Protein chains: 2
Amino acid sequence: MTRSTAQRVAAVLRERVERGDLPPGSQLSEEALGLDLGVSRNTLREAFRLLAHESLVEHRLNRGVFVRVLGPDDVIDIYRVRGALESAGVRAAALAPPALREAVTTAVTEAEWAADDGDWPAVATADLAFHRALAGLSASPRVDAAMDRLLAELRLAFHTMPSPRRFHEPFLVRNRAIEQLLAKGEYARAETELTTYLDDARQLIVDTMREERR
Amino acid sequence: MTRSTAQRVAAVLRERVERGDLPPGSQLSEEALGLDLGVSRNTLREAFRLLAHESLVEHRLNRGVFVRVLGPDDVIDIYRVRGALESAGVRAAALAPPALREAVTTAVTEAEWAADDGDWPAVATADLAFHRALAGLSASPRVDAAMDRLLAELRLAFHTMPSPRRFHEPFLVRNRAIEQLLAKGEYARAETELTTYLDDARQLIVDTMREERR
DNA sequence: CCCTTGAGGATTGTTGAACAACATCCTAGC
DNA sequence: GCTAGGATGTTGTTCAACAATCCTCAAGGG
């Protein structure tokens, strides 16, 4: 048992949130969850703080913690930061260790395999891994950590997307295109390609959210 | 009382750390600090989590929390991320709201005033505000938050610098130079100038740390 | 002499209960 | 219909206790 109880509780809650079991906006009652998971309120509160740190839940003073609700503004902002981090990764690709460059290729390939299987949740995961790998080209622990937090947040927005397939399928070929440009050393073109890619994806999500909100 | 007790305790500890009262590496004992500040261990632990979130302290399981010790690797990494965020800000400068652009100029001016007064701690603060303003040109809450965390971390490294004056003085004129380039709309030149600026600053800190460690 | 081993002490991790502080809802009164 | 004020439930904080873990240091064997 190398992890604390609070960390294990946080892991359970994280999974429930990511699976959509705890929908955005729902309150996490200290008493109810404590009884459910068999931990004390104090420990549960520590777990809440860990999740709040990942922006998965929101802590309002004297009101409790709630599963985060993302608005269009949040999505726009997330994509802005992603743009900065992933672009920096692409610019650093030339100097990146081979292992990091291979991680990009691997992620693209796995997304294509998952698509062949029709496993769209897996495609979503592999797609995020691809972008994580792009940012990872910077070889920076802090960039990696920031990227992990951003993508975890973004998963919350995915819950509002009706069809994972319609959202992810068009981007598969574009993932591969960027990967090819990187392999050929055409970093400038890869970066512009990535920028329009992110703009399109963002627009798609924002439009969908605005549709839903009616 | 709009802030919780834990937040107030965290603020006190944050100040002690930033003032060098609690030197890097020292342990924050739960019992001793609880007695000192008049709060229970549980509340103190909550404050510790908040500080750990800012990377000011480090939490080791079953061992307690310690004031963060920065190594050369950390400084290098922090400057890498700073480079990405501040560069992105400079690239976004053309589209940034006037208020954000003015914040850049204000920070440079305040740094110069503080230097005239010989108040070098204030110069350090204004210098950080300048770089925060550069990143702020992206107009992104998440970039702002990330930048705040990075600069708070970096303050820890400043404690190992012997003379604030020798470190900050040479960069004052370069701050102004970058600000001028931005004002003239020469964004590309501003970006390359910024990049070499950050490289130099990083090198200075890293060299100093390696000196100290003997 | 060095290394391993184990007991002891100190600190953190976790619990449960209790009370205070706060937000919300409902009702009484105008 | 609206405001004031109490009722109720939740979170915020404290306290005391015990369990789990780590560190130190000394005893013992090689």
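Predicted model, so just to flag it, every value in this text is computed and none were measured. Throughout, protein chains are lettered first and strands after them, A, B, ... in sequence-line order, and every chain is numbered starting at 1.
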Given atom [atom1] of [X] and atom [atom2] of [N], what is their separation to the nearest angstrom?
X: B:Phe66; N: D:dC23; atom1: CZ; atom2: C1'; value: 11 Å
X: A:Arg60; N: D:dT10; atom1: CZ; atom2: P; value: 16 Å
X: A:Gln7; N: C:dT12; atom1: CD; atom2: P; value: 17 Å
X: A:Glu58; N: D:dT11; atom1: CD; atom2: P; value: 15 Å
X: B:Leu61; N: C:dT12; atom1: CG; atom2: P; value: 12 Å
X: A:Leu33; N: C:dT15; atom1: CG; atom2: C1'; value: 17 Å
X: A:Leu28; N: D:dT10; atom1: CG; atom2: C1'; value: 14 Å
X: B:Leu44; N: D:dT13; atom1: CG; atom2: P; value: 12 Å

Using only heavy-atom distances, decide whether a donor-acceptor pair under 3.5 angstrom links the side-chain of A:Asn42 to the base of C:dG13.
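For A:Asn42, whose side chain was compared with the base of C:dG13, there is no donor-acceptor pair (under 3.5 Å).
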Can you check whether any acceptor in the base of D:dG12 is under 3.5 Å from a donor in the side chain of A:Arg41, or vice versa?
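Result: at least one qualifying N/O pair found.
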Can you find a side chain N or O atom of B:Thr5 that sits less than 4.0 Å from OP1 or OP2 on D:dT13?
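Yes, such a contact exists.
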Within the pair A:His59 and D:dG12, is there a side-chain N or O less than 4.0 Å away from OP1 or OP2?
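For D:dG12, OP1/OP2 do have a side-chain N/O of A:His59 under 4.0 Å.
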Assign B:Gln27 to base, sugar-phosphate, or nothing according to its heavy-atom contacts below 4.0 angstrom with the strands shown.
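Sugar-phosphate contact only - B:Gln27 comes under 4.0 Å of backbone atoms but never of a base.
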Can you tell which of [options] lies closest to the side chain of [X]?
X: A:Asn62; options: C:dC22, C:dT12, C:dT14; result: C:dC22
X: A:Ser40; options: C:dG13, C:dT15, D:dG12; result: C:dT15
X: A:Arg45; options: C:dG13, D:dT11, C:dT11; result: D:dT11

Using 4.0 Å as the upper bound for N to carboxylate O, is an ion pair formed by [Y] and [X]?
X: B:Arg14; Y: B:Glu54; answer: yes
X: A:Asp77; Y: A:Arg80; answer: yes
X: B:Asp144; Y: B:Arg132; answer: no

Mind checking what makes side chain to side chain donor-acceptor pair (under 3.5 Å) contact with B:Asp36, not counting sequence neighbours?
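In terms of side chain to side chain donor-acceptor pair (under 3.5 Å), with neighbours along the sequence ignored, B:Asp36 is linked to B:Arg16.
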Could you check whether the rings of A:Tyr197 and A:Phe171 sit parallel, tilted or perpendicular, using 30° and 60° as the cut-offs?
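Answer is tilted, since the angle falls between 30° and 60°.
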Let me spell it out: for each of B:Glu46 and B:Arg63, pick the nucleotide of DNA chain D with the closest heavy atom. Which residue's pick is nearer the 5' end?
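Looking at the nearest nucleotide for each, B:Glu46 comes out on the 5' side.
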